Amino acid sequence: MAASPTPGGGGIGAILAAGDRDYLVRNSGEQVKISGIEGDTVALYFSASWCPPCRRFTPKLIEAYKELTSLGKSFEVVFVSGDQDEEAFNAYFAKMPWLAVPFSDSEGRKNLDERFEVNGIPHLVFLDAKTGEVLTDEGVEFVSEYGIEAYPFTTERINELKEQEKAAKDNQTIHSVLGTANRAYVISNTGKEVPIVDLEGKYVGICFVVNGYPLVEEFTSVLAKIYAKLKEVGEKFEVVAVSLDSDEESFNTSFSSMPWLAIPQGDKMCQKLVSYFELSDLPTLVLIGPDGKTLSSNIAGIIDEHGLDAWEGFPFSAEKLEILAEKAKAKAASQTLESLLVTGDLDFVIGKDGAKVPVAELVGKTVLLYFSAKWCGPCRAFLPTLVDVYNKIKEKNSDFEIVFISSDKDQSSFDDFFSGMPWLAIPLEDERKADLKKRFKIRGIPSLVAIGPDGKTVNTDAKTSLAVHGADAFPFTDERIEELEKKIDEMAKGWPEKLKHELHEHELVLVRRRRPYGCDGCEEMGNSWSYNCAECDFDLHTKCALGEEKKGEEVKGQEDAAAPAGYVCEGDVCRKA
């Protein structure tokens, strides 16, 4: 943002003083007169020890502060705490080399929050100390992206840096992307320094990684196989990891299993590349061409879609991708149950007590692939419904089965969850799971994919079909679902289009529901039809609105549960974040 007058006017003294207090404090307890602050630029740092993003950003700000003061720059920081008690404030402030508004002055801290419209933390506001003019309130972004190069943190300086970035991209080389003035090498996982010049003339994938993040770990395991295959066939391809880990131990843990190179952990170039390539998602694999120019800002989606087969699309030109797409279509057309569930010697699924059941025994049946996990609240809530439907279908159709594909993290959780399922499963530590998730682009759980008797995919969202139609949805084909939808439309013809109900002040309108919804009357899940107030996002089951049971209206509600890293649970699904 452009420099603007500080709300309320006045210099830094008028901003920081409150009542009889004309001082700030150091973490030693020393009081420092506000009038004695030395610095043409003063940053107000709104932060708190309980805030994880604050704890991640504070070390970056400390590093920038120490560098600027060591260079003699006229700069100061003032901590404005959002902690709930003085003990937490003292423990957090003890790590900071700058000043703070006394924790005891809660009114002063509150006034600063309101004055600078602090709606989230960490929040960093840079001020001109003499005039109190706001130089920018985007300090967190500027320090994260540019470090001390952003000094004195004016809009003009940031625009200048952006112009330099643009020029750098126009004249990009592999050296400008990976190297610095003091470092002309990358490293192997044994610590060997590999000159960047060795990468000239090669295709280079810039892979952003972070230890312990499931989506990145799944991606890099597939990328490692593609990397090995491309090396095997003699392609000039290399990968360089860019670590987002905050400590060397985490970096070493993840990098030790990677067969490629990396920028040294903690190197400032890692954070610069986050900004340079406008990183917004993980996993991300940027592809650099032999001339050092960027060919693609992210080819992770291609690898995610095609798995190991993606190597055949290298170097991922339009022509190669078209060939890859045609192969994928041909593969889908020739799909059989064995091609989905058999890999080498892995030609079985398991029943209770680990008993092996040959995949061949499932051929000719309608098979639901059930992607789920114990840690997922919506999955646990959906399981009783699925068990009930399974039993009802099996009573009339022996040519039906479900195969559980778990996203659990340990054998104990898998065993406990699987014990409540009357069907089969793929073992927890089985390589086929990752391939199936990629093939069917599973982004959230619970998910159900229906495979027909001929081995072809008939429904990639069988969960919705089952939730709406129950056991009647079998065999989950488009034709069967269309038939059921017509019946539901007929069912509603005798119901009033609008009505008033004592549970809601506005008129309710009968609407068709293609997905399950929550009833605000009985607080259970519903489907097919609801009486709805669009203005208030209010819904009633038809049975609740009309005071009578209506067919196909009962689906039990979901419970919330904490999801592991990389997932977020919302409503009736846990998705990859």
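Here the structure is a predicted model, which is why all the values come from computation and not from measurement.
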So, [X] and [Y], do they make that salt bridge, N to O below 4.0 Å?
X: Lys327; Y: Glu322; answer: no
X: Arg443; Y: Asp304; answer: yes
X: Glu67; Y: Lys268; answer: yes
X: Lys229; Y: Glu232; answer: yes
X: Glu305; Y: Lys441; answer: yes
X: Arg21; Y: Asp105; answer: yes

message = Is the ring pair Phe75/Tyr151 parallel, tilted or perpendicular, if the boundaries are 30 and 60 degrees?
response =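 Plane angle over 60°, so perpendicular.
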
ask   = Parallel, tilted or perpendicular: which fits the ring planes of Phe46 and His123, with parallel below 30° and perpendicular above 60°?
value =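 Tilted, since the angle between the ring planes falls between 30° and 60°.
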
message = If you apply the rule salt bridge (charged side-chain N to carboxylate O under 4.0 Å, His left out), what do you find for Arg183 with Asp267, and how did you get there?
response = CA-CA 10 Å; Arg183 179 183 51 75; Asp267 193 295; 2.7 Å; yes

Residue pair [X] / [Y], side-chain heavy-atom distance below 4.5 Å:
X: Tyr213; Y: Asp245; result: no
X: Ser47; Y: Ser81; result: no
X: Thr154; Y: Thr136; result: no
X: Phe142; Y: Leu161; result: no
X: Lys162; Y: Tyr146; result: yes
X: Ser296; Y: Val286; result: no
X: Val134; Y: Phe116; result: yes
X: Pro315; Y: Lys320; result: yes

ask   = Any luck finding a side-chain donor-acceptor pair between Asp247 and Ser250 under 3.5 Å?
value =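 Yes.
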
query = Can you list the steps and then say if Phe314 with Tyr203 is a ring-ring contact (aromatic ring centres under 6.0 Å, His included)?
reply = CA-CA 10 Å; Phe314 181 83; Tyr203 290 92; 5.1 Å; yes

message = Determine whether Phe79 and Trp98 satisfy the following criterion, ring-ring contact (aromatic ring centres under 6.0 Å, His included), listing intermediate values before the conclusion.
response = CA-CA 7 Å; Phe79 172 40; Trp98 46 68; 7.9 Å; no

Gln411 atom CD, over 12 foreign heavy atoms within 6.0 Å =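 It does: Gln411 CD has more than 12 such atoms within range.
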
request  = Look at atom NZ of Lys293 and say whether more than 12 heavy atoms of other residues, nucleotides or ligands are closer to it than 6.0 Å.
outcome  =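 Yes, the 6.0 Å shell around NZ holds more than 12 heavy atoms from other groups.
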
